[in-house]
2 protein chains.
Amino acid sequence: MLEGRWKLIILFHLFGGNVMRFSDLERAIPAVSQKMLIQQLRQMENDGIVRRIVHHQVPPKVEYRLTEWGQALCPALDALLSWAALREEMTASGTSSDI
Amino acid sequence: MLEGRWKLIILFHLFGGNVMRFSDLERAIPAVSQKMLIQQLRQMENDGIVRRIVHHQVPPKVEYRLTEWGQALCPALDALLSWAALREEMTASGTSSDI
DNA sequence: CAGGATCCATGCTGATACTG
DNA sequence: CAGTATCAGCATGGATCCTG
C-alpha cells in the first residue's frame, strides 16, 4: 500500500489539498526518475489514494491530487513524523527522516 | 526504518509491552522465514526500536520487546490502521490490511 | 532454542532513449 | 508536457542446511 521509496515523499507534496502537475512533482522531487514517479502515482491511483485528472489540451496537462481517503491519511503520517522527530530528542543522531 | 515486509507485523506482536521469544515470533508469524525474522529484528534493534534480551541458559533463551521509543510508535501505527479500516467503510473491498 | 551461512530467484530501481 | 519502452544492477527475500 505505502511501500515504495517515493510514495511518502509524493504524499507530502500533495497534502493540504495541493494539486500538482506531473512536471511539478518532477521538479519538487529531483531525485526521482520519470519511470518511478509515474509508477508510484499509478499504484496510488489504483489504491484510491491519488486522483488523476487529465485535461485534454495541447500541450497535455495532467494534475494529481489526493482523494478524500488520501487526505484522511494526513494525521497518521503526522504521527509518524513526530515519532521520527522524537528520536532526535533522545539520541541527537543527525540523520534526517527516513520512515 | 520501517521498510521491509515483516517489520510492521513483528511490531504488532510486540505492542502493549509484549515480550516474545524468538520461537514465539516464529509461531506467531508462520509465513516468515528464520532468516527474515532475525534480519528484521536485528535492524530494528540497531534502529533502537526493539530491545534484545539474552538469558544465558541452556537451552538458550532470547526475548524481544520494544524500547521506549518503539512503544512511542504505537499511536502512529494505530492511526495507520484506522485509516486502512476507513477504506472498508467507503469501498467495502474485502482485502485485509496491508499498509 | 536461537540463530549463522550459503545459494538462488525475484523484483525493485534507475539510466537512457523514444513518442503522441 | 506527460508519459512509454527497454535494459541492466543491486537489494531484498526465501529455502535449505548447519551450529553453539
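Residue numbers begin at 1 in each chain, while the letters A, B, ... track the order of the sequences.
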- Query: Checking all strands, does A:Q40 fall into the base, sugar-phosphate, or nothing category for heavy-atom contacts under 4.0 angstrom?
  - Reply: sugar-phosphate
- Could you tell me how the ring of A:F22 sits relative to the ring of A:Y64: parallel (under 30°), tilted (30 to 60°) or perpendicular (over 60°)? tilted
- Got a sec, which residues hit salt bridge (Lys or Arg N to Asp or Glu O under 4.0 Å) with A:D78, two or more places apart in sequence or on another chain? none
- Interatomic distance where CG belongs to B:L41 and P belongs to C:dC1 [whole Å]: 17 Å
- Hey, is the side chain of B:Q34 poking within less than 4.0 Å of OP1 or OP2 on C:dC1, counting only N and O atoms? no
- Item | By side chain to side chain donor-acceptor pair (under 3.5 Å) - contacts of A:R5 (at least two apart) | none
- Length of the line joining B:L37:CG and D:dT16:P, which is rounded to integer Å: 18 Å
- Is there a side-chain polar atom (N or O) of A:R21 under 4.0 Å from OP1 or OP2 of D:dC1? no
- Task: List the steps and the verdict of side chain to side chain contact (heavy atoms under 4.5 Å, CB included) for B:Q39 and B:W6.
- Result: CA-CA 10 Å; B:Q39 182 185 101; B:W6 308 103; over 6 Å; no
- Side-chain atoms of A:M36 come closest, of D:dC1, C:dG3, C:dT13, to C:dT13
- Message: With a cut-off of less than 4.0 Å, is there a side-chain N or O of A:Q39 near OP1 or OP2 of C:dC12?
- Response: no
- Message: Does C:dA15 have OP1 or OP2 under 4.0 Å away from a side-chain N or O of A:S33?
- Response: no
- Message: From CD of B:Q43 over to P of D:dA11, roughly how many Å is that when rounded to an integer?
- Response: 13 Å
- Closest listed nucleotide, where the reference is the side chain of A:P60 and the choices are D:dA2, C:dG14, D:dG13: D:dA2
- Task: Whole angstrom is fine here: how far is it from NE2 in B:H56 over to C1' in D:dG20?
- Result: 13 Å
- Using atom CD1 of A:I38 as one end and atom C1' of C:dC12 as the other, report the distance to the nearest whole Å. 17 Å
- Item | Phosphate OP1/OP2 of D:dT4: any A:R42 side-chain N/O under 4.0 Å | yes
- Expressed in angstrom and rounded to an integer, what is the separation of A:E26 atom CD from C:dA15 atom C1'? 14 Å
- Length of the line joining A:E3:CD and C:dC12:P, which is rounded to integer Å: 8 Å
- Query: Counting N and O atoms only, with roles assigned by atom type, does the side chain of A:R87 sit under 3.5 Å from a partner on the main chain of B:D47, one being a donor and the other an acceptor?
  - Reply: yes
- Atom-to-atom span, CZ of A:F22 to P of D:dA2 - whole angstrom: 8 Å
- Does any N or O donor sit under 3.5 Å from an N or O acceptor when you compare the side chain of A:K35 with the base of C:dT13? yes
- Message: Does a side-chain N or O of B:R5 approach OP1 or OP2 of C:dT10 to a distance below 4.0 Å, or not?
- Response: no
